Amino acid sequence: MTETALSDPLSPHELESLLTRAHHALEAGRPDRARVLAQRALVGAEACQHRPSEAQALACLAYCDWLASRFRRAHGTSQRAAHLYQMLGDGPGESGALSTLACSASVLGRHEEAVEAALLAVRLVEALPPGPQRVVASNALGQAYAWSRSFDQAAEAFEQAEQLAARADPPVSPLQILLQRTHAEALRLGFERFFKGCLPDTSRFESLLARCVQQAHLSGAEGVQPGLLATHRALLSMFASLEACWRGEAHLAQRELAQARRWSDELAGQTWLQVLELWLECELAWDQSRLGHAVQCAALMVDTAIEVEHEQLACVGHLLLAQLHEFQGDARGALEDLKLLRRREELIRAESLESRSRVVKWQIELREHEQTLQQLEASSQQLERLSLEDALTGIANRRHFELRMSERLRSRAHAARPASIALIDVDHFKQVNDGHSHQVGDQVLCAIARILSSHVRENDLPARLAGDEFVVAFLDSDERVARQVCDRIEAAVMAHDWHSLSPGLRVSISVGVSQARPGDTVAQAMHRADAAMYAAKQQRRRA
Ligand SMILES: Nc1nc2c(ncn2[C@@H]2O[C@H](COP(=O)(O)OP(=O)(O)OP(=O)(O)O)[C@@H](O)[C@H]2O)c(=O)[nH]1
């Protein structure tokens with residue numbers, strides 16, 4: 001496909017092709033290129049209001065932003081994608097977008113929102129067989145719990161993700177989950193050290209890392225999601241460096257850190273990996289009692305984390321600073337750091353509340369949208385009903401009669417069972433209008449409609465054609481039966497108490513009946529009934 005200018009209208013096929021290319025670019029580790037393609041698909045989809053492509057383009061853009069550490073943008077875009085998928089009733093699509101939303105919200109410190117989004121993402125795909133979509137959702141839940149420091153629930157969700165990966169057909173590599181688990185464990189240890197004052201047992205971190213290394217040897221460093229190869233390689237080296245550092249093997253730790261830097265340099269622009277690297281450098285300096293450098297690294301870690309919108313790592317940086325100052329006996333400095341941390345947490349909270357009020361606004365819009373749809377549906381049903389009903393008498397109109405009768409004549413059942421038409425005309429109706437008023441004329445027409453309805457079976461259709469002309473479609477009766485019913489109708493009209501409607505009023509009708517013949521159209525059957533009715537009217541006049 002040739003490059004398409006932004007303003008050109010795109011066909012659904014071209015949109016699909018752009019999105020496929022975006023996905024390939026992601027797999028090739030080129031989120032910047034994927035972003036350009038997805039942006040183009042989004043403009044094209046919006047221009048032709050192709051909602052499914054719009055949702056896919058938004059989800060892809062959100063994922064690209066998440067990969068590039070543009071977490072606020074990823075958050076907003078994934079939210080839009082999730083809403084659109086929700087409107088389209090596309091559960092798996094919504095789940096994917098919600099997973100990106102949950103991961104972005106976690107990093108931004110919006111814990112409740114992250115956990116809610118991830119829980120919903122898991123729920124939306126739980127009916128699917130085990131596969132990447134379910135793995136991604138459970139992994140996002142693990143991540144959301146881990147960043148909210150609910151480490152037991154995180155372990156449960158990660159466990160679930162690993163089981164799903166193992167049961168998937170074809171199996172899915174659990175490396176991405178294992179790396180997240182290792183990362184979560186490093187965080188847990190970091191927090192524990194802050195509260196206890198010394199590093200707790202690191203054996204779980206070590207065994208998780210060993211599983212990561214083993215898995216990477218087995219199946220490579222790719223993720224369940226695309227574009228994570230360099231990130232995973234960098235993380236493997238970083239965690240190896242952290243392990244070596246905590247074991248006191250500074251030399252090895254330096255080497256692994258240098259390796260991690262080489263991998264993360266493969267990614268365009270600054271990402272959260274650089275923040276992790278600064279954390280590691282801080283740990284190493286601390287381990288070697290180079291406290292001045294450690295403080296510098298932690299301070300830089302906070303600034304870089306804020307730059308790449310990783311609020312959580314900014315908080316970790318503040319905690320590290322407080323610990324280092326405490327370690328140096330600088331209580332005032334430690335207190336200052338904790339105040340800064342508190343301020344940061346307040347900012348995060350304010351952002352989180354704002355984001356949740358946006359969600360509520362959206363929910364209200366969605367409800368209004370649904371209500372409008374229901375109203376439209378109701379009024380279209382009403383219109384449909386009105387278009388088949390005679391306004392004066394409330395019985396079927398000509399259109400309704402013709403639709404039902406032609407359907408009946410075309411049906412195969414016609415060959416086996418006969419159908420008949422009775423055409424009914426009020427005698428001298430003009431005189432009713434002229435002698436008793438137009439209103440009385442209307443009431444006569446309504447009374448006749450009632451008489452017709454009360455004398456036919458449920459399966460027959462009485463209708464008003466126009467003026468004083470009525471018809472009954474006998475859908476399952478031959479001419480003889482139809483004639484008998486019409487005789488009763490004629491007698492009922494004659495016996496009706498017209499006098500109470502208007503003194504001196506007399507009403508009679510003329511009826512012509514015709515049985516439909518094989519191959520008849522409605523017009524042909526009507527024509528014969530009309531001729532029979534005309535003959536009956538003439539006879540009545542002569543009598
Ligand atoms: N009250 C009332 N009159 C209507 C309506 N639609 C048509 N008419 C009148 O019905 C009358 C029909 O008259 P004609 O078609 O001349 O027939 P007729 O007087 O019944 O004479 P024959 O059919 O020959 O017995 C006309 O005067 C129309 O104006 C309606 O909805 N309400």
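Numbering of ligands and ligand atoms starts at 1, following listing order. In this text, all values refer to a predicted model and were calculated from it rather than measured experimentally.
Donor-acceptor pairing under 3.5 Å is recorded for the side chains of D427 and S510.
Each of the following atoms of ligand 1 lies closer than 4.0 Å to a heavy atom of K537: 22 (P), 23 (O), 24 (O), 25 (O). If you number the atoms of ligand 1 from 1 as listed, the ones under 4.0 Å from a heavy atom of D468 come out as 12 (C), 17 (O), 18 (P), 20 (O). Ligand-side atoms of ligand 1 in range of D425: 23 (O), range being under 4.0 angstrom from any heavy atom. Applying the 4.0 Å criterion to heavy atoms of D427 picks out, from ligand 1, the atoms 25 (O).
Considering only heavy atoms from C-beta on, E14 stays 4.5 Å or farther from L18 through its side chain.
The two residues N139 and A161 have their closest heavy-atom pair at N-CB, 3.8 Å.
When hydrogens are left out, the protein atom nearest atom 2 (C) of ligand 1 is D442 OD1, 3.3 Å; that is the closest non-hydrogen contact. The protein heavy atom nearest to atom 24 (O) of ligand 1 is R541 NH2, 2.7 Å.
Of the candidates N433, I509, L392, it is N433 that places a heavy atom closest to atom 3 (N) of ligand 1. When S510, G467, G441, S437 are checked for heavy-atom proximity to atom 7 (C) of ligand 1, G467 turns out nearest. In this structure, of H436, K430, R464, the residue bringing a heavy atom nearest to atom 13 (O) of ligand 1 is K430.
The ring pair (Phe, Tyr, Trp, His ring centres under 6.0 Å) search around H83 returns W362, not counting sequence neighbours.
Pairs engaging residues 501-513 under the salt bridge (charged side-chain N to carboxylate O under 4.0 Å, His left out) rule: none recorded [sequence neighbours left out].
Between H310 and F71, the angle of the ring planes goes over 60°, which puts this pair in the perpendicular group of the 30/60° scheme.
Of the N or O atoms in F429, one or more lie within a sub-3.5 Å distance of an N or O in ligand 1.
One finds the CZ atom of R488 at 6.5 Å from the CD atom of Q484 (value rounded to the nearest 0.5 Å). Atom CD1 of I448 sits about 10.5 Å away from atom OG1 of T393, to the nearest 0.5 Å.
Checking atom 32 (N) of ligand 1 against the protein gives a heavy-atom contact under 4.0 Å.
Counting only distance, with no hydrogens or angles, the side chain of Y145 and the backbone of F158 share no donor-acceptor pair below 3.5 Å.
At a heavy-atom distance under 4.0 Å, no atom of Q431 approaches ligand 1. Contacts with ligand 1 closer than 4.0 Å are made by backbone heavy atoms (N, CA, C, O) of V426 only, the side chain lying farther away.
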